[in-house]
Protein chains: 2
Amino acid sequence: MTFLSDEALKDKLNSRGYRSTPQRQKVLSIFIALAQGEHLSAEDLHRALREDDVGDAAPTENRISLSTVYRTLHLMVCMGLLRELELAEGHKHYELNRPLRDHHHIVCLHCNQTLEFEESSVAEIGEKTAKEAGYHVLDCQLILYGICANCTEDKKVG
Amino acid sequence: MTFLSDEALKDKLNSRGYRSTPQRQKVLSIFIALAQGEHLSAEDLHRALREDDVGDAAPTENRISLSTVYRTLHLMVCMGLLRELELAEGHKHYELNRPLRDHHHIVCLHCNQTLEFEESSVAEIGEKTAKEAGYHVLDCQLILYGICANCTEDKKVG
DNA sequence: CTTCCTGCAAAGAGTTTGCATTTGT
DNA sequence: ACAAATGCAAACTCTTTGCAGGAAG
């Protein structure tokens with residue numbers, strides 16, 4: 001748990017008038033346990049929370065409703081803890097908003113395949129611009145849309 | 001109509017086995033008439049099509065259903081004619097995909113205010129990466145999420 | 001004259017909201 | 001105690017889809 005402890009989360013929440021709850025801790029811990037590059041939809045997260053629950057001591061406790069999942073995701077995006085990704089599957093995905101925002105996405109408009117890549121100079125350029133405009137930057141996303149090599153053979157696209 | 005004539009659209013469609021229809025021409029013409037930087041949701045476009053219709057000679061003709069609007073938008077994104085923007089309002093926006101993809105967005109996560117900025121080096125970096133991965137790039141979007149100057153005063157965010 | 005496109009209406013997915021209850025501070 | 005968060009269920013918005021009639025190549 002190198003990213004944010006329960007106490008640090010609590011402080012961050014309390015300083016804004018929000019409260020620390022087991023649900024919020026659980027949600028964050030799921031994201032922290034995720035491999036770099038993985039991202040979850042609201043449904044994915046909901047499922048992960050239930051599965052995580054099975055092995056625990058208190059099985060029927062700590063159940064989180066889908067509403068709370070959505071509310072928590074929104075809160076954590078606004079606090080800068082998570083980043084919201086709109087790729088191509090018709091619903092949003094979320095992942096930890098790691099300090100260095102240098103990982104971006106390429107999406108195939110035809111088969112929805114997603115590729116990640118690292119690129120730090122983009123974030124620098126973007127943040128500079130945003131700060132000049134008076135924004136406090138929480139996330140910086142470069143998304144490329146195109147047709148992947150496999151799909152390029154299909155003449156109807158591109 | 002400096003961007004794409006009806007004939008050019010027809011060729012582009014036919015070469016892929018699609019057909020040129022009055023609806024598709026109309027949709028594209030709406031986007032061409034749009035000021036640089038403006039973007040429309042599916043509903044916006046549907047409304048614009050109806051309003052545009054009022055002044056015309058054949059009022060009851062050329063009505064386009066919302067289904068067709070959605071189908072046309074999707075088609076034109078996949079063909080690289082339009083770009084799909086996912087900003088913050090909970091629904092997608094569309095604009096002409098102009099040859100130089102050097103205009104990007106900053107969104108306030110609190111009030112949804114959107115700011116545009118020009119930046120060409122980002123597109124260069126991104127396209128280089130994508131091409132190396134074998135992608136045929138159709139769009140390149142840099143989106144920054146943050147809290148705008150006005151909202152920063154609200155202690156609950158940021 | 002065949003294939004593709006459209007409009008309609010209905011369905012679908014993902015997300016949000018109101019309200020009573022529970023919980024953190 | 002008081003305000004904030006949760007769970008449930010219902011509502012809501014945006015978007016997609018099946019099908020019959022109509023239009024383009």
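This structure is a prediction, so every number in the text was calculated from the model and none was measured.
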### Task
Please report how far the helix from C:dC1-D:dG25 to C:dT25-D:dA1 bends, comparing the axis fitted to its first five pairs with the axis fitted to its last five, to the nearest 10 degrees.
50°
### Atom-pair distance (CG on A:L13; C1' on C:dG24), nearest Å
11 Å
### Query
B:H74 NE2 to C:dC5 C1': how many Å, rounded?
16 Å
### Message
Whole angstroms only, please: what is the OH-P distance between B:Y18 and D:dG25?
### Response
15 Å
### Task
Give a yes/no answer on whether the side chain of B:T68 brings an N or O atom under 4.0 Å of OP1 or OP2 in C:dG7.
yes
### Query
Ignoring hydrogens and angles, does a donor from either the side chain of A:R19 or the base of D:dA3 sit under 3.5 Å from an acceptor on the other?
yes
### Query
Roughly how far, to the nearest 0.5 Å, is the NZ atom of B:K92 from the CG atom of B:L73?
10.5 Å
### Query
Does B:E124 pair with B:K128 as a salt bridge, N-O distance under 4.0 Å?
no
### Message
Tell me whether the side-chain N/O atoms of B:Q23 come closer than 4.0 Å to OP1 or OP2 in D:dA23.
### Response
no
#### Entry: A:Y70, nearest nucleotide to its side chain (from D:dT15, D:dT6, C:dT15)
C:dT15
### Query
Are the charged groups of B:E95 and B:R83 less than 4.0 angstrom apart, N to O?
yes
### Query
Can you tell if the side chain of B:T68 reaches within under 4.5 Å of the side chain of B:V27, non-hydrogen atoms only?
no
### Task
Take atom CG of B:L66 and atom P of D:dT17, then tell me their distance rounded to the nearest Å.
14 Å
### Task
Check every strand shown and say whether A:S20 touches a base, only sugar-phosphate, or nothing at a heavy-atom separation below 4.0 Å.
sugar-phosphate
### Message
With a 4.0 Å cutoff (strictly under), does any side-chain N or O of B:S67 reach OP1 or OP2 of C:dC8?
### Response
no
### Query
Can you tell me how far P of D:dC14 sits from CG of B:L73, to the nearest Å?
14 Å
## Note on the structure
Rounded to whole Å, the CZ-C1' distance (A:R24 to C:dT22) equals 14 Å
### For A:K12, all residues meeting salt bridge (Lys or Arg N to Asp or Glu O under 4.0 Å), sequence neighbours excluded
none
### Message
Minimum heavy-atom separation for B:E116 and B:G37, please, with both atom names.
### Response
OE2-O, 3.0 Å
### Task
Report the distance from atom CD of B:E7 to atom C1' of D:dG25, rounded to the nearest whole Å.
16 Å
### Task
Please answer whether the main-chain N or O of B:D139 pairs with a side-chain N or O of B:N97 as donor and acceptor at a distance below 3.5 Å.
no
#### Entry: Donor-acceptor pair (no angle test) under 3.5 Å: A:R71 side chain, D:dT6 base
no
### Query
B:H91 or A:V69: which one's nearest nucleotide on DNA chain D is closer to the 5' end?
A:V69
#### Entry: Listed nucleotide nearest any side-chain atom of B:K10, set C:dT15, D:dT15, D:dG25
D:dG25
### Message
Measure NZ/B:K26 against P/C:dG7 and give the value in whole Å, please.
### Response
12 Å
